[in-house]
Number of protein chains: 2
Amino acid sequence: MSDLLERLRGRGWRMTAQRRVVAEVLEGDHVHLTADEVHARAVVRLPEISRATVYNTLGELVSLGEVLEVATDKRAKRYDPNAHRPHHHLVCARCGAIKDVHPGGNPLADLPDSERFGFTVSDVEVTYRGVCPTCAAA
Amino acid sequence: MSDLLERLRGRGWRMTAQRRVVAEVLEGDHVHLTADEVHARAVVRLPEISRATVYNTLGELVSLGEVLEVATDKRAKRYDPNAHRPHHHLVCARCGAIKDVHPGGNPLADLPDSERFGFTVSDVEVTYRGVCPTCAAA
DNA sequence: AATTGACTTAGACAATGTCTATTGTAGGAT
DNA sequence: ATCCTACAATAGACATTGTCTAAGTCAATT
């Protein structure tokens, strides 16, 4: 199923029950869990998994480029398994729900040299904020 | 000097040495300090100022719309006194230096309805990442 | 100058994240 | 199939950032 696990094995990752469970918890679209949420879900499948292992595994997945860290929230970091298709985020200001979005335009090109302060600019992150339908109805 | 202090007084803010010092520490362009950095600088001028007061004062300034919270860093929140001219941020991936930038384009218009998931979108934050001249030289 | 309610303080507490010493185990070697 | 060993997992201490509370202090009004 998960070709993520295949890719990781191919890179010499030692496969353990803990790592498999963390990778499985992250499967799906529009998934943006905090480390503790990942831990809570992992514990359901593997009760003895520790917090430290979840943090370590998430850190490794980020280093390997298989998962992105997202800082839309001002509290905990969130982990986004959608690392292979570039995208940005749409966040509900009330409930914190996060959607992956693919805006048009090219914000990198919109930053003139005069506004670059000599930096070599390589990346842009765009975060849209608004209110989701559920919160708007309430 | 600081018309910020004038505005605050006009809004019924009780003026205390602590609040004056916090407001003074935030003066300047491209200032993006964490709460603890603000505290460290405030202590130089007013040794007995407490951490709680710095947090409280920063929170009040944010509520009043005089200071923005910035989450470019994944660790602590940063406070940006440049609240009256809309802008975005350019961050050095190595040393964390932050510059205020004013890109062209209109990212809000670049998000098609089909990518809005029914949200009422009201705001966009753009964070450019790169390497600053100092770090590039090193 | 007296009053009063808002402000400040110290320190406990909470949430998130990191590190270490110890124990366990995946996967190759035999 | 069993053994080895380096890598991984664990529990829990520790670190950082932020919040809260109870008690004392003081700015602005009277």
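Below, read A as the first sequence line, B as the second, and so on, with proteins coming before strands; counting in each chain starts at 1. Computed from a prediction, not measured in an experiment: that's the story for all the values here. As a basis for the values below, the full set of heavy atoms in this structure was taken, side chains included, without hydrogen atoms, waters or symmetry mates.
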Rounding to a whole Å, what distance do you find between [X]:[atom1] and [N]:[atom2]?
| X | N | atom1 | atom2 | answer |
| --- | --- | --- | --- | --- |
| A:Trp13 | C:dG27 | CH2 | C1' | 16 Å |
| B:Met15 | D:dT29 | CE | P | 12 Å |
| A:Ile49 | C:dT23 | CD1 | P | 21 Å |
| A:Asn56 | C:dT25 | CG | P | 17 Å |
| B:Gln18 | C:dA10 | CD | C1' | 14 Å |
| B:Arg19 | C:dA6 | CZ | P | 11 Å |

Using the ring of each side chain (for Trp, its six-membered ring), is B:His102 parallel, tilted or perpendicular to B:His87, with breaks at 30° and 60°?
->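 The arrangement is tilted - the two ring planes meet at 30° to 60°.
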Kindly point out which of [options] is positioned nearest to the side chain of [X]?
| X | options | value |
| --- | --- | --- |
| B:Ala35 | C:dT16, C:dT9, D:dG18 | D:dG18 |
| B:Ala52 | D:dT19, D:dC20, D:dT10 | D:dC20 |
| B:Thr57 | D:dT10, C:dT8, D:dA9 | C:dT8 |
| B:Arg51 | C:dG27, D:dT19, C:dT9 | D:dT19 |
| B:Asp36 | D:dA8, D:dT17, C:dT16 | D:dT17 |
| B:Tyr55 | D:dG18, C:dT9, D:dA9 | D:dG18 |
| B:Arg75 | C:dG17, D:dT17, D:dA9 | D:dT17 |
| B:Arg14 | D:dA8, C:dC7, C:dA12 | C:dC7 |

Per nearest nucleotide of DNA chain D, the residue lying toward the 5' end, B:Lys77 or A:Thr16, is A:Thr16
task: Evaluate the criterion salt bridge (charged side-chain N to carboxylate O under 4.0 Å, His left out) for residue pair A:Glu66 and A:Arg11; output intermediate values, then yes/no.
output: CA-CA 12 Å; A:Glu66 295 290 347; A:Arg11 295 211 214 178; 2.9 Å; yes
Given the options A:Val38, A:Asn82, A:Thr57, A:Val21, A:Leu26 meets side chain to side chain contact (heavy atoms under 4.5 Å, CB included) only with A:Val38
For this session: Count the heavy atoms belonging to other residues, nucleotides or ligands that lie under 6.0 Å from CZ of B:Arg116, then report whether that count exceeds 12.
Result: yes
Q. With a non-hydrogen cut-off below 4.0 angstrom, is B:Thr53 in contact with a base, only sugar-phosphate, or nothing?
A.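 B:Thr53: base contact, heavy atoms under 4.0 Å.
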Does any donor atom in the side chain of B:His32 or B:Asp100 lie under 3.5 Å from an acceptor atom in the other side chain? yes
